[in-house]
Amino acid sequence: MQIWVDADATPNPVKAILYRAAERVDLPLTLVANQPLQVPSLARIKAVRVGAGFDVADDYIVQHAGAGDLVITADIPLAAELVANGCQVLSPRGELFTTETVRQRLNMRDFLDTMRASGLDTGGPPAYNQADRQAFANALDRILARAKRDEPDASR
């Protein structure tokens, strides 16, 4: 398993949690963004800077993430595409996207887009807080523990 991060909009506390987790469980971590990123100089952590443009980072992740990989993103259309490709997708708020939940989130997103287009102010998401950070860390730990448990035993 590899961890991919849609890093342009990922909160810094989430990145810090991921840096520690990647080092602790020795998994490759790749952050993808269309702006320069500073990441710890550890062998398993790298940053990929893609060109400017709409969905360029998303397209890179879709092209490179494989089935079973973990992707961190709050982008619902990206999450839907990755779930369909067999990736595990976790939001920075700790929500694990499944086929069911991502479909519901897409429907809600489309509904809110329609409301905004008609002039209704729907507001934005609440500020990222400590409870979100804890939910993300807990969900990440569960995913990594399950991956560790499911990996083949090299001694057999």
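All values derive from a computational prediction rather than experimental measurement.
- Between V83 and T98 the shortest side-chain heavy-atom distance does not fall below 4.5 Å.
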Check step by step if side-chain contact (heavy atoms from CB on, under 4.5 Å) holds for V5 and T30.
CA-CA 6 Å; V5 182; T30 304; over 6 Å; no
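- Judged by distance alone, the side chain of N138 and the main-chain N or O of A135 form no donor-acceptor pair under 3.5 Å.
- Of all the heavy atoms in L37 and A33, the pair that sits closest is CD1-CB, 3.7 Å.
- The CZ atom of R20 sits 12.5 Å away from atom CG of L42, with the distance rounded to the nearest 0.5 Å.
- Nearest heavy-atom pair, I72 versus T10, reported as atom, atom and distance to 0.1 Å: O-OG1, 4.5 Å.
- A donor-acceptor pair under 3.5 Å is absent between the side-chain atoms of D75 and the main chain of D58, judged by distance alone.
- The minimum heavy-atom distance between D132 and A127, with the atom names listed, is OD2-O, 3.7 Å.
- Annotation: side chain of V32 is in contact with side chain of V50 (closest heavy-atom distance under 4.5 Å).
- A donor-acceptor pair under 3.5 Å is formed between the side chain of Y128 and the backbone N or O of P92.
- Put simply, CG on D110 and CZ on R105 are 12.0 Å apart, with the number rounded to the nearest 0.5 Å.
- Side-chain contact between M1 and L27 is present, with at least one heavy-atom pair separated by less than 4.5 Å.
- N85 contributes no side-chain N or O that, together with a main-chain N or O of C87, makes up a donor-acceptor pair within less than 3.5 Å.
- Counting non-hydrogen atoms of neighbouring residues, nucleotides and ligands closer than 6.0 angstrom, the CD atom of Q2 exceeds 12 such neighbours.
- Nearest heavy-atom pair, L29 versus L18, reported as atom, atom and distance to 0.1 Å: CD2-O, 3.7 Å.
- The OG1 atom of T73 sits 11.5 Å away from atom CD of E81, with the distance rounded to the nearest 0.5 Å.
- Following chains of ILVMFWY side-chain contacts shorter than 4.5 Å, one can reach V14 starting from I45, so the two form part of one hydrophobic cluster.
- Going from atom CG of D113 over to atom CE of M115 covers 11.5 Å, rounded to the nearest 0.5 Å.
- Using a 4.5 Å heavy-atom threshold, the side chains of L140 and L70 count as touching.
- In terms of modelled atom types and a separation under 3.5 Å, the side chain of R44 and the main chain of D26 share a donor-acceptor contact.
- Under a hydrophobic-cluster definition in which Ile, Leu, Val, Met, Phe, Trp and Tyr are linked whenever side-chain heavy atoms come within less than 4.5 Å, directly or via other members, L90 and W4 are assigned to different clusters.
- Criterion: ILVMFWY side-chain heavy atoms under 4.5 Å apart, direct or through other members. Under it, L96 and V25 are part of a common hydrophobic cluster.
- Pairing each heavy atom of A7 with each of L31, the nearest pair is CB-CB, 3.9 Å.
- Connection of V56 to L82 is established within a shared hydrophobic cluster, with ILVMFWY side chains joined at heavy-atom distances below 4.5 Å, either directly or through further cluster members.
- A 4.5 Å side-chain heavy-atom check between V48 and K46 finds at least one atom pair inside the cut-off.
- With hydrogens and angles ignored, the 3.5 Å screen pairs a side-chain donor or acceptor of D69 with a backbone N or O of G66.
- A salt bridge links R24 to D141: one of the charged nitrogens lies within less than 4.0 Å of a carboxylate oxygen.
- One finds the CZ atom of F111 at 10.5 Å from the CZ atom of R116 (value rounded to the nearest 0.5 Å).
- How far CD of Q134 is from CZ of R93: 15.0 Å, rounded to the nearest 0.5 Å.
- Tracing side-chain contacts under 4.5 Å through hydrophobic residues (I, L, V, M, F, W, Y), one reaches I3 starting from V39; they form part of the same cluster.
- Within the 4.5 Å cutoff, the side chain of N34 has no heavy atoms near those of the F54 side chain.
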